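What follows is a set of notes on a single structure, which appears directly below.
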Protein chains: 2
Amino acid sequence: MLERYELETFLTLAEELHFGRTGERLGVSTGRVSQTVRKLERRIGTPLFARTSRTVDLTPVGRRLYEDLLPVHRQLRTALERAMDAGRGIHGRLRTGFATPWGGELLTAAADALLAGHPGCEITVREVSLDSGVRPLEDGELDIQLTAFPVREPELTTGPVVLRDDRVLLLPAAHPLAGRPSLGLEDLAGLPLITTEGANPRHWLDHHYPRRTPSGARIGRGPVAATWQEVLSHVTAGRGVAPGAARGARYHPRPGIAYVPLRDAPPLEYGLVWRTAADSALIRAFAAAVGSQGP
Amino acid sequence: MLERYELETFLTLAEELHFGRTGERLGVSTGRVSQTVRKLERRIGTPLFARTSRTVDLTPVGRRLYEDLLPVHRQLRTALERAMDAGRGIHGRLRTGFATPWGGELLTAAADALLAGHPGCEITVREVSLDSGVRPLEDGELDIQLTAFPVREPELTTGPVVLRDDRVLLLPAAHPLAGRPSLGLEDLAGLPLITTEGANPRHWLDHHYPRRTPSGARIGRGPVAATWQEVLSHVTAGRGVAPGAARGARYHPRPGIAYVPLRDAPPLEYGLVWRTAADSALIRAFAAAVGSQGP
DNA sequence: AACCGGCGTTGAGTCACGCTAAACGAACGC
DNA sequence: GCGTTCGTTTAGCGTGACTCAACGCCGGTT
């Protein structure tokens, strides 16, 4: 049978086609690479590499062996990683959710990254409606959710902010304010603000849809929307204005909608949330993967 | 990474679930098995075996790892075997042929046996008609053929006899001789013998379809057939009698045909034949596999 | 021609580590 | 109670994977 060091030496040399670099990559001397390959060839009974003093190349038998052994090596690694993940608790199914498209991209990228290093996991990424808040977590439909802060529910654990974005106001293109380079919160006075309701708690709604401007002027109330598509169609139809994230302009460009920066509003912050009771190594690993995805 | 001895120890213990037998199978002490497993578990980070002082069992993580590593081990072995075969010249495609069903069974069994030990080969088993003789070899359509001896072609190499069978005579069930417990060659006198022709050489035809009995009486000539099905239908229709092998009664049982032993005829002998010019390690290996298939 | 510099090979020597042997403890059956 | 059958543990041994340095081969340069 093939020893571990023989397998690795053969595969590395088959890729590098250079004894010196092979030894360097494996942390052994070139002499050792030469001896190992030589012994292997003697055992196989035929040369695996055709080498002059200047060049190294695979023989047909060597090439075939390389093609056969490469997947073996991969499987060996994933099998071990899977077992080690299970040992560390990083295994099983993780149902993740997001409400905004850029959140979806972030979660998908993080899921791919995590899966690459932890092949034993199963990660699903689902979209949830704007008005569901953190209800999917409480209902046990999701294990972890990317949501807009603030989150104050006591039974939930929140991760750090992983996405930050400037606030903008979505206006009908024909609106008198639509031409402004930027707006202030005071400009909201009297405008009909499109909101969401549903499962979002009171403090969250107050934070994202204030009832008064800083100076105390009342902000109007427009229609209630449950999804971004609804918000967009309300704005396009002139039924109101909606607060949003600057990225929205890239993800939901509409000819009938103007995205105007809101100068004095605090930035939007997104982060991960999960049920404290359902905390797990897999959740922590996923949160870490999302965190290292940003920059 | 996993060392060879760790892989083998783990897989063996997962199958045996017994440290003593595992050590015995691997030729090491039980202490070594214990140490190896222990070290592996420490590295993985979780127990792979649940063991009391009386029983050993796989943990879920261990079971999963076993299922992952078993195919890896198989692939590793076949990859090595393939390379070693290539080193010994046992590789490539081998087209084999046979004319009788029992020959087909023998070749198929031999092909399976060979393939088990030499995964790099590709072996096809085809049926050839009765009247093609060794023509497929000469035409280059086959590499090796199981045929009824004698073979005297100078450019062909013959292997040893791998199948021997008593001769019988196929008669219509209603024929007066059909009731006899056995027949002698003299009984052929005057009977219309069903023969084949095609590519079979003269000496072969004379050997299998004699024109006279030992005492000199003429043997008749019936219709010419190219396949066993034709022979059988000629016999059933009463158009003649046919010499054959005793096994035929098992492989071609027909209500309208009687198989009566031919007492004084030499037994039928089958063996492998191949073109001397196309001799190869693969052919020799296959011939050996066929030879060791019989008993 | 002579001289490099890069590269694979070879041999002597060293040290980690896989392995054994033996003692030990735990869990049964009688 | 004892004997048996397991798996575990420890000290000590020996093999073989490794390093280091010298060597030979080849192509490019002056």
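Per chain, numbering begins at 1; letters A, B, ... match sequence-line order. Fair warning: this is a prediction, and the values are worked out from it, not measured in the lab.
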- Query: Has the side chain of B/His18 got a donor or acceptor atom that lies under 3.5 Å from a matching backbone atom of B/Arg21?
  - Reply: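 Yes; judged by distance alone, with no hydrogens or angles, the pair exists.
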- Task: May I ask you to check whether B/Phe10 and B/Phe49 place their ring centres under 6.0 Å from each other?
- Result: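 Yes: the rings meet the under 6.0 Å criterion.
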- Message: Using the side-chain heavy atoms of A/Arg51, tell me which of these nucleotides is nearest: D/dA17, C/dG18, C/dG8.
- Response: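 Nearest nucleotide to the side chain: C/dG8.
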- Item | Nucleotide of D/dT8, C/dT9, D/dG27 approaching A/Arg54 most closely (side-chain heavy atoms) |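 So the nucleotide nearest the side chain must be D/dG27.
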- Task: Check each residue of residues 19-30 of chain B for a non-hydrogen atom within less than 4.0 Å of any atom in DNA chain D, then write out the ones that pass by number, or none.
- Result: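 Of all residues in residues 19-30 of chain B, the ones placing a heavy atom under 4.0 Å from DNA chain D are B/Phe19, B/Gly20, B/Thr30.
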- Query: Got a sec? Which of residues 31-48 of chain A come in under 4.0 Å of DNA chain D, heavy atoms?
  - Reply: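 Of all residues in residues 31-48 of chain A, the ones placing a heavy atom under 4.0 Å from DNA chain D are A/Arg32, A/Gln35, A/Lys39.
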Between [N] atom [atom2] and [X] atom [atom1], what is the distance in whole Å?
X: B/Asp57; N: D/dG7; atom1: CG; atom2: C1'; answer: 15 Å
X: B/Glu3; N: C/dA16; atom1: CD; atom2: P; answer: 16 Å
X: B/Tyr5; N: C/dC17; atom1: OH; atom2: C1'; answer: 8 Å
X: B/Glu6; N: C/dG18; atom1: CD; atom2: P; answer: 7 Å
X: B/Leu17; N: D/dC6; atom1: CG; atom2: P; answer: 13 Å
X: A/His18; N: C/dT9; atom1: NE2; atom2: P; answer: 12 Å
X: B/Leu7; N: C/dG18; atom1: CG; atom2: C1'; answer: 16 Å

- Message: If I take atom CG from residue A/Leu76 and atom CG from residue B/Leu7, how far apart are they, to the nearest 0.5 angstrom?
- Response: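 Answer rounded to 0.5 Å: 6.5 Å.
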- Message: Does either side chain, that of B/Gln35 or that of B/Arg38, offer a donor lying less than 3.5 Å from an acceptor on the other one?
- Response: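 No donor-acceptor contact under 3.5 Å links the two side chains.
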- Message: Under a plain distance cut-off of 3.5 Å, with no hydrogens placed, do B/Thr276 and B/Thr157 share a side-chain donor-acceptor pair?
- Response: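 A pair is found: one side chain offers a donor N or O, the other an acceptor, under 3.5 Å apart.
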- Should the heavy atoms of other residues, nucleotides or ligands under 6.0 Å from CZ of A/Arg43 be counted, would the total exceed 12?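 It does: A/Arg43 CZ has more than 12 such atoms within range.
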- Position toward the 5' end of DNA chain D (nearest nucleotide), B/Thr55 or A/Thr9: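 The 5'-side residue here is B/Thr55.
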- May I ask you to decide whether B/Glu6 forms a salt bridge with A/Arg4, counting only side-chain N to carboxylate O separations under 4.0 Å?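 Result for this pair is no, no salt bridge flagged.
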- At their closest point, which heavy atom of B/Asp68 faces which heavy atom of A/Ala79, and how far apart are they?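 Of all heavy-atom pairs spanning B/Asp68 and A/Ala79, the closest is CB-CB, 3.5 Å.
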- Could you go through the salt bridge (charged side-chain N to carboxylate O under 4.0 Å, His left out) check for A/Glu105 and A/Arg250 one step at a time? CA-CA 13 Å; A/Glu105 285 186 2; A/Arg250 292 215 306 278; over 6 Å; no
